[in-house]
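Heads up: the structure comes next, in structure tokens.
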Amino acid sequence: MMQIEGLPPARSLSFGEWVLSQKDRGGLIGSLATGAAADRAFPKQGNPEDVRARLRTLQAEGDMFEAVDDAELDWAAY
């Protein structure tokens, strides 16, 4: 990660933290984030597979798995 002079170093977020940071976003990713924020067992330090495993445990709808796929792409570009 490149450091820009005069700015603090960028903090890299885990996938779970990144999802939680998206709660004000619209669409499926925003819905995923809102649900994650309400779930005490959400894997905050987890990776995309940890989040998918949590969704399977909760028997989440297919749209939430699609949201994880989309979020993973956005997070990777973050």
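Of the possible polar contacts, one joining the Ser14 side chain to the Lys44 backbone as a donor-acceptor pair under 3.5 Å is found. Using modelled atom types, one side-chain atom of Trp75 and one backbone atom of Leu13 make a donor-acceptor pair closer than 3.5 Å. Judged purely by atom type and a 3.5 angstrom limit, Asp50 uses its side chain to pair as donor or acceptor with the backbone of Asn47.
The CG atom of Asp74 sits 4.5 Å away from atom CD1 of Ile29, with the distance rounded to the nearest 0.5 Å. The CZ atom of Phe65 sits 14.0 Å away from atom CG of Asp70, with the distance rounded to the nearest 0.5 Å. Expressed to the nearest 0.5 Å, how far CD of Glu61 lies from CD of Glu66 amounts to 12.0 Å. Distance check: Thr34 OG1 to Asp24 CG gives 8.0 Å after rounding to the nearest 0.5 Å.
Contact detail for Phe42 and Gly16: the closest heavy-atom pair is CE2-O, 3.5 Å. Nearest heavy atom pair, residue Val19 against residue Ala36, reads CG1-CB, 4.3 Å. In terms of heavy atoms, Ser31 sits closest to Met64 at CB-CE, 4.0 Å.
There is no path of hydrophobic side-chain contacts, each under 4.5 Å, that joins Val68 to Leu58.
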Step by step, work out the side chain to side chain contact (heavy atoms under 4.5 Å, CB included) result for Arg25 and Leu32. CA-CA 10 Å; Arg25 182 174 174 165; Leu32 174 66; over 6 Å; no
Worked verdict on Arg54 versus Val51 for side chain to side chain contact (heavy atoms under 4.5 Å, CB included): CA-CA 5 Å; Arg54 181 65 183 153; Val51 172; 5.6 Å; no
